[in-house]
Amino acid sequence: MSAHAIDPQPLRTIFERGAPGRRAFAPPPLDVPAPPAGALPERFRRAVAPRLPEVSEPELVRHYVRLSKRNFDLDSGFYPLGSCTMKHNPRVHERAAALPGNARLHPLQAPARAQGALELMHGLQEALGEISGLPHVSLQPSAGSHGELAGLLLTRAYHEERGEQRTKVLTPDTAHGTNPATVTMAGLTVVKVATNADGGVDVDDLRAKADSSVACLMLTNPNTLGVFDANIEEIARIVHGVGATLYYDGANLNAIMGVTRPGDMGFDIVHFNLHKSFTQPHGGGGPGAGPIAVSERIAPYLPTPLIVRRDDGSFDLEHDVPRSIGKLRGFQGNYGVFVRSYAYIRSLGAEGLREASEVAVLNANYLLARLRALGVTDLLPLAYGRLCMHEFVLSGAPMKRELGIRTLDLAKRLLDHGVHPPTVYFPLLVDEALLIEPTETETKETLDHFADAVAEILREAADDPEIARNAPHTTPVRRLDEAAAAKRPVIRQPLGASA
Ligand SMILES: *Cc1c(COP(=O)(O)O)cnc(C)c1O
């Protein structure tokens, strides 16, 4: 920046804007009698009024618009964040979610007066059951990881009812971090299973570790290496053979919708990430949903209430389920998410979903081929296999050795090319990993631009590695201390603000 440069948008918190008494909104005068003094018992009353932002509506709007422009989101550019499926969120879904009957429905509305909403949720359950090949669905879990927890609690209930004490959960070493974390939260023990040379489960290692103390195998297929495990039927036989359940981490469903189904592969439980495969906007902590679908033998333990269709055709909430693990969250789940995902499934239909998955796989393989054609894979070789499913993992180890820049440097320099970095340093078993998932909604031009940008960064680094090492150069903020950002949140209500 030159000496004369002025920052036109200095970054301030909402508390540093405005003035005492300034308001964005004035409620209408009270048109009912005011409550008598002391109506609220003393112990429930605040000693000090909360300190809230005091800003005008234009200040409020500008504050959030400025913040949004400093961020890189899916609407700013290509966002090939492997494993997380950042695909386009069709805007027509917002219209459906904003319909007053959807947006203003109270979560405690009596089922008899919420028939449309219950019908939509019942329809979504049926669609997810069909997509997964597992007919019994609960929409309750709020995220993929919450679905994992639900799945392990179901597994525990299933074994407990059979009088069995099973404590181990097998997970491959390619598993997403939420898998082992969930196992621990559910009070069970993680046992790692090795990966074979093709990027699939090492079946011999699995056989050696599968015994009557194993409660479950958690697996995603295709896995986070972008590899479809062709041994899945053999794996299912081994796991079922020792009486354990098979859990499918459905975060990679975008590769297989309408092509194959976890239920047909032998899985007992699957979670869906509606905010990944089914177009609910995500990132930045927005609401998601992680419904689960289960097989016949797991169905009796599903969370309550169940959404059911009565004999007279009406829809209802069923609370009387004696063997249920109980409730997992307040109310019925994130209803707005259900509306968007239902709209997506119904507008595409079975054929459309299959096409989405086929194009997702095609786009990933096209991008991989482009990177090969440009010589990028000489310095960033494909970690496993030759073709991929909907995503693929490159290893930046040769790039680090030859050019002296790390995968993190490459990722940061991509921001200067208007591209959000792919996932980095995951899966852990690949040195200097770069996990790329383009998704089906990107054009050939966008994929070409990405490949050209990576090739350009490598050429540039051969001349001067410092450019990538100090990147990004064109973003509102430069390189961040990511560990500190995660561990020490700084945006909070000022101290002394509330009693
Ligand atoms: C995203 C993801 C999860 C966790 O899902 P959340 O909805 O983020 O909790 C689990 N496994 C894999 C492979 C994922 O990509």
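For ligands, and for the atoms within them, numbers begin at 1 and follow the listed sequence. The residues of the chain are indexed from 1 along the displayed sequence.
For ligand 1, none of its N or O atoms has an N or O atom of N252 under 3.5 Å away. Annotation: S83 places an N or O atom under 3.5 Å from an N or O atom of ligand 1; distance criterion only. Taking only nitrogen or oxygen atoms, main chain and side chain alike, C84 does not reach within less than 3.5 Å of ligand 1. Checked against a 3.5 angstrom limit, the closest N/O atoms of N179 and ligand 1 fall outside it.
Between E94 and R340 there is a salt bridge, since a side-chain N of the basic residue sits under 4.0 Å from a carboxylate O of the acidic one. The residues E351 and R354 are annotated as not salt-bridged, no charged nitrogen and carboxylate oxygen being separated by less than 4.0 angstrom. A salt bridge between R91 and D75 is present, with a side-chain N of the basic residue lying under 4.0 Å from a carboxylate O of the acidic one.
Of all atoms in ligand 1, listed by their number and element, those nearer than 4.0 Å to a heavy atom of N273 are 5 (O), 6 (P), 7 (O). Near A143, meaning under 4.0 Å from one of its heavy atoms, ligand 1 places the atoms 7 (O), 9 (O).
For atom 6 (P) of ligand 1, the closest heavy atom belonging to the protein is G144 N, 3.5 Å. Ranking the protein heavy atoms by distance from atom 4 (C) of ligand 1 puts T178 OG1, 3.7 Å first. What sits closest to atom 9 (O) of ligand 1 on the protein, heavy atoms only, is S145 OG, 2.7 Å.
At a heavy-atom distance under 4.0 Å, only side-chain atoms of A251, from C-beta outward, approach ligand 1. Contacts between E148 and ligand 1 below 4.0 angstrom, taking non-hydrogen atoms only, involve the side chain exclusively.
Exactly one residue among D211, D204, D205 makes a salt bridge (charged side-chain N to carboxylate O under 4.0 Å, His left out) with R207. That residue is D204.
Using modelled atom types, one finds a donor on one side chain and an acceptor on the other under 3.5 Å when comparing Y425 with R406. Side-chain contact annotation: E440 with S357, donor-acceptor N/O pair under 3.5 Å absent.
Put simply, no part of H282 is less than 4.0 Å from ligand 1, judged by heavy atoms. Proximity of D249 to ligand 1 is established by a heavy-atom distance of less than 4.0 Å.
Under a cut-off of 6.0 angstrom, the local environment of CZ in R479 is crowded, with over 12 non-hydrogen atoms contributed by other residues, nucleotides or ligands.
Using cut-offs of 30° and 60° for the angle between ring planes, the F426 and H176 rings count as perpendicular. By the 30° and 60° cut-offs, the orientation of the rings of Y247 relative to H271 is tilted.
Among M218, H271, K276, the residue whose heavy atom sits closest to atom 3 (C) of ligand 1 is K276.
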